[in-house]
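Let me begin by presenting the structure, written as C-alpha cells, before commenting on it.
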Amino acid sequence: MRNQCIITENSVQVNDQTIFTTESPEDLDSFLLEAYSTLKVNYPKFHKMDRISKLGIITASMVFKDTPNTSEPFSTGIILCSKSGCLHTDGTYIEGLRPENFNPNPTLFTYTLPSIVMGEICIKQNIKGENTYLVLEKFNQPLIDQLISNMFFEKGMDQCLVGWIELESANNYKSHFYLESKVNYQKIIGQKKLQYA
Amino acid sequence: MGTTSNIIYKELISPLGFDVQENFSAIERGDTGLRADHSPFLKKGTFTATISEETIDVRFSEYENPRYYSKLEKLSILLIGKVLRKTGIDPKNERTLLVYSTTKGNIDLMDSKSPHIPEKRIQLVEFKNVLQRYFGFANAPLIVSNACVSGVQATILANDLVKNDLYDTIIVVGGDLVSRFTLSGFSALNALSYTKCKPFDEKRDGINLGECCAALVVSSKIEPNQGIARIAASSSTTDAHHTVAPSREGVGLTRAIKNCLAQRDQTDIDFISAHGTATRYNDEMEALAIHKNNLNDVPLNSLKGYFGHTLGAAGILETVLSLESLQKGQTIASLGFTNLGVSSKVNVLHRSNKKNMKCFLKTAAGFGGVNSAMLIQKL
Amino acid sequence: MEPLIEELKLKIIDRLNLMEIDPKDIEADDALFGEGLGLDSLDALELVLIFDNDYGIQVDEIESIRPHLKSLTTLAGFIEGHRQN
C-alpha cells in the first residue's frame with residue numbers, strides 16, 4: 001500500500017487514520033503550529049514559512065512518517081499541483097506595498113512563488129529528482145498518472161511524491177499527498193492490462 | 001515512447017520587436033531593451049525592459065477592444081493569435097493543448113483600477129480561462145509555475161506529452177511582466193542591479209527585470225520543411241539546499257546537465273544558452289556546473305543583457321532565439337560581458353560570428369533550488 | 001552594550017521567527033551565520049530591516065556591513081557607533 005496524508009478542516013489523516021485534530025476550530029496558524037509540534041515534524045525553518053509551505057511540510061513529513069525517505073535523492077521525483085497557488089501569500093506581501101506603509105519584506109516575497117513549497121519539501125525530505133508544479137482547476141488524476149508514468153519510465157525515477165495543495169482561505173484548505181513507487185506502479189499497470197485482456 | 005515530437009514553430013513579442021525576425025535583427029545590431037527605470041518606490045534606480053502598453057493596444061485594437069484585457073492577456077492573445085494564423089493549428093481540436101508558463105501572471109492587476117477587468121483575473125486559473133475562452137481551446141490550458149525554470153520545464157513537459165501521444169500539437173507560451181510586485185520584491189532581496197546587468201562579468205552586481213511573451217510549438221504532425229528542431233535530452237533536478245541561494249557546488253544543475261549528456265548521441269554541443277541572471281551566485285554556480293561537465297570550452301551566452309530576466313518566460317524566450325541562431329548559423333554575443341568574473345573558466349561569447357551549428361544546451365535555475373537543462377538539436 | 005545586546009537578541013528571535021531557539025542559548029559572541037545560530041542570506045536582509053525600522057540606520061550595500069553581522073556584540077557595536085555619530 002502506498003503512504004498518503006490528507007490535511008483538511010483542522011485534521012491530519014495518514015492512511016485513512018486521523019492522527020491529529022483540534023477540538024475547537026482554532027485559526028489556521030495555531031492549528032498548523034500545534035500539528036507541527038505534536039507530530040514532531042522538526043524543521044526549524046517552519047516558523048519562517050508562509051501558511052501553504054507549512055501545510056506542505058507537515059503533509060509531506062506525514063507521508064514519510066513511518067517509512068523515512070532513504071532512496072537515492074536524485075531518483076525521487078515530486079509533482080505538486082494547486083488551484084490558488086500562493087495567492088494568499090501574495091495578498092500578505094501586497095499589504096506591505098501600500099504607499100502609506102511601503103515596507104516590502106524579502107522573505108515574504110520569496111513565498112510569493114507558488115512552487116516554493118516544493119523547494120521546502122525537497123530540502124526537508126532530501127528530494128533532488130524530477131520536479132513539476134502545475135496550476136490546475138482541480139486534481140486531474142489521469143493527467144497526473146501520465147506525468148508519474150513519464151517520471152518512472154522515461155526519466156528514471158524510482159519513486160515520486162505526488163500532491164494536491166490548496167489554500168483558498170484560512171477556512172478552506174486541503175492538502176493530499178501520496179508516495180508512488182515505480183514497483184507499485186508497475187503492478188497497477190499490470191492489473192489494468194489484465195482487466196483489458 | 002509513442003511518437004516523435006518536433007519543434008515546428010516559434011514566435012516572440014518583446015521590447016525589441018513583435019516577431020522573431022525583428023528581435024534577432026535588433027540583437028545583431030547589439031540593441032538592448034533595457035532602459036533606466038526610476039520607479040519612485042525603488043531606493044535607487046534600476047534598468048528594466050518593458051513593452052509600452054500603447055504600442056500593444058494599437059495592434060490589439062485590430063482584433064478586440066483592449067479595455068477588457070490585461071496587459072499580459074493582450075500580449076498573449078496577440079502572440080497565440082499569430083501562432084494559430086501562421087501554423088493553421090485548430091485550437092478546438094481535442095488533440096491540441098496550450099501550455100502556459102508564468103510565475104506571476106496578471107499580478108500587475110493589483111494596481112489596476114479598471115472597472116472592466118474583474119479582480120479575480122489576478123488568479124492564474126482565471127487568466128488561463130480568459131485564453132481558453134478567447135480562442136475556444138477544446139482543452140483547458142495547463143499552467144506551469146515553477147519559478148525561473150518554468151519556461152524550460154513547460155517546453156519539456158509539452159515535448160513529453162506529445163511523445164507519449166496524449167496530444168498531437170502543443171503550443172507552449174511563456175509570459176511574465178515587470179510589475180511593482182516583482183520589482184519591489186527583487187529590490188528587497190538586494191538582487192537588482194542599478195546598471196545594465198552583466199552576466200558572467202567580473203563587475204556583475206545583480207539582475208534587471210524584463211517582460212515578454214514567447215511561444216514554441218511542439219508537434220508530432222509535421223509538414224514537409226516545417227520541422228525546426230527536436231529536444232534530444234532533458235532533465236530537471238533540485239538542490240535540496242536553500243530556497244533562494246543556489247547550491248555553492250552547483251549540485252542540482254551539474255546533475256541535470258550530466259543527465260542530458262548521458263542521453264545524447266555523439267553530436268557536439270555548439271553553444272550553451274545559459275540562465276546567466278548576472279547575480280554573483282547564479283553565474284558562479286552555473287559556470288561551475290558547466291565546468292564540472294567538461295563543457296568549459298563550449299561558447300556560451302546569456303540573453304539577459306538584451307531582455308533582462310523575464311522570469312517564467314525566460315526559458316522559452318531564450319530557446320526561441322537560440323533556435324533562430326541555429327537556423328541562421330549566426331551565434332549571439334553575450335551582451336554586457338567584458339571580463340570573466342566567475343571562478344570556473346567558461347567560454348563567454350564576446351561577439352557574434354557565422355558558424356554552422358546543430359545543437360545547443362539550454363540551462364535554467366530558479367528559486368526553490370530548482371534546475372533544468374535540455375539539449376536541442378536541429379532537424 | 002549589555003541591554004542593547006539583550007534587546008537585539010529578542011528582536012532577532014522575534015523577527016527572524018527563531019521560535020525554537022531559547023534566548024538563553026545565544027551568547028553575545030556566538031556566530032550568527034553558518035555554524036552557530038545558522039542564519040542565512042535572507043536573514044541578513046531581515047537584520048538590515050531591523051536596523052532601518054528600529055534604529056533608523058539605512059544600509060545601502062549589505063556587503064559593506066558584512067563584518068558587523070558577525071555576532072550580537074558586533075551588531076550592538078554597529079548600532080552604538082551610529083548613535084554616537
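Throughout, a chain's letter reflects where its sequence line sits, starting with A, and its residues are numbered from 1.
- With a threshold of 4.5 angstrom between heavy atoms, C81(A) does not approach chain B through any atom at all.
- Chosen from L134(A), I116(A), N131(A), L113(A), the residue pairing most often with chain B at heavy-atom distances under 4.5 Å is N131(A).
- Residue with the most contacts toward chain B among G85(A), S84(A), C122(A): C122(A) (heavy-atom pairs, distance under 4.5 Å).
- Y173(A) and H88(A) have their aromatic ring centers separated by at least 6.0 angstrom.
- Interface residue F186(B): backbone and side-chain heavy atoms are both found under 4.5 Å from chain A.
- For a residue to count as touching a neighbouring chain, one of its non-hydrogen atoms must lie under 4.5 Å from one of that chain's; by this rule D90(A) touches chain B with backbone and side chain alike.
- Side chains of T102(B) and D176(B): a donor on one and an acceptor on the other come within 3.5 Å.
- Ranked by non-hydrogen atom pairs under 4.5 Å with chain A, the options I156(B), N259(B), L142(B) are led by L142(B).
- Using a 4.5 Å heavy-atom threshold, the side chains of I165(A) and L55(A) count as touching.
- Side-chain contact between I19(A) and L39(A): present, with at least one pair of heavy atoms (C-beta onward) separated by less than 4.5 Å.
- For L87(A), the part lying near chain B is the side chain, with the backbone staying farther off; criterion is any non-hydrogen pair under 4.5 Å.
- Contact of the T254(B) side chain with the L288(B) side chain is not registered, since no non-hydrogen atoms from C-beta on lie closer than 4.5 Å.
- Geometric assessment of R95(B) against the ring of Y167(B) yields a negative cation-pi assignment under the 6.0 Å and 45° thresholds.
- In terms of heavy-atom pairs under 4.5 angstrom with chain A, the leader among A154(B), G252(B), S235(B), P40(B) is S235(B).
- In this structure, the portion of L147(A) lying under 4.5 Å from any heavy atom of chain B is its side chain and not its backbone.
- Heavy-atom pairs under 4.5 Å with chain A were tallied for T237(B), V244(B), N190(B), I107(B); the largest tally goes to T237(B).
- Taking the side chain as every heavy atom from C-beta outward, F127(B) and V130(B) never approach each other to under 4.5 Å.
- Interface remark: T112(A) contributes backbone and side-chain atoms alike to the contact with chain B (heavy atom separation under 4.5 Å).
- Between F177(A) and Q4(A) the shortest side-chain heavy-atom distance does not fall below 4.5 Å.
- Of the atoms belonging to K45(A), it is side-chain heavy atoms, and not backbone ones, that fall under 4.5 Å from chain B.
- In terms of non-hydrogen atom pairs under 4.5 Å with chain A, the most contact-rich of V144(B), L166(B), L124(B) is L166(B).
- Y43(A) and Y36(A) have their aromatic ring centers separated by at least 6.0 angstrom.
- P114(A) is listed as a side-chain neighbour of S145(B), based on a closest heavy-atom distance under 4.5 Å.
- Heavy-atom pairs under 4.5 Å with chain B were tallied for N126(A), T107(A), I127(A); the largest tally goes to I127(A).
- Looking at V117(A), T59(A), I52(A), I58(A) one by one, the single match for side-chain contact (heavy atoms from CB on, under 4.5 Å) with S175(A) turns out to be T59(A).
- Contacts between L80(A) and chain B at a heavy-atom distance below 4.5 Å are absent for every atom of the residue.
- Interatomic distance, Y178(A) OH to H176(A) NE2, rounded to the nearest 0.5 Å: 7.5 Å.
- Residue contact with chain A, scored on non-hydrogen atoms closer than 4.5 Å, is absent for D111(B).
- At a 4.5 Å heavy-atom cutoff, the contact between V251(B) and chain A is made by backbone and side-chain atoms alike.
- If you tally non-hydrogen atom pairs under 4.5 Å between each of G369(B), S187(B), S150(B), S184(B) and chain A, the highest count goes to S184(B).
- Comparing K124(A), K128(A), M118(A) by how many heavy-atom pairs each has under 4.5 Å with chain B, the most go to K128(A).
- With a 4.5 Å cut-off on non-hydrogen atoms, Y133(A) touches chain B through its backbone and its side chain both.
- Among the candidates A140(B), A256(B), A240(B), the residue making the largest number of heavy-atom pairs closer than 4.5 Å to chain A is A240(B).
- Within the 4.5 angstrom heavy-atom criterion, only side-chain atoms of Y93(A), from C-beta onward, approach chain B.
- Counting only heavy atoms from C-beta outward, the side chains of N3(A) and D66(A) never approach each other to under 4.5 Å.
- A salt bridge is absent between D37(B) and K44(B); no separation between the charged side-chain nitrogens and carboxylate oxygens falls under 4.0 Å.
- For a residue to count as touching a neighbouring chain, one of its non-hydrogen atoms must lie under 4.5 Å from one of that chain's; by this rule K83(A) touches chain B with backbone and side chain alike.
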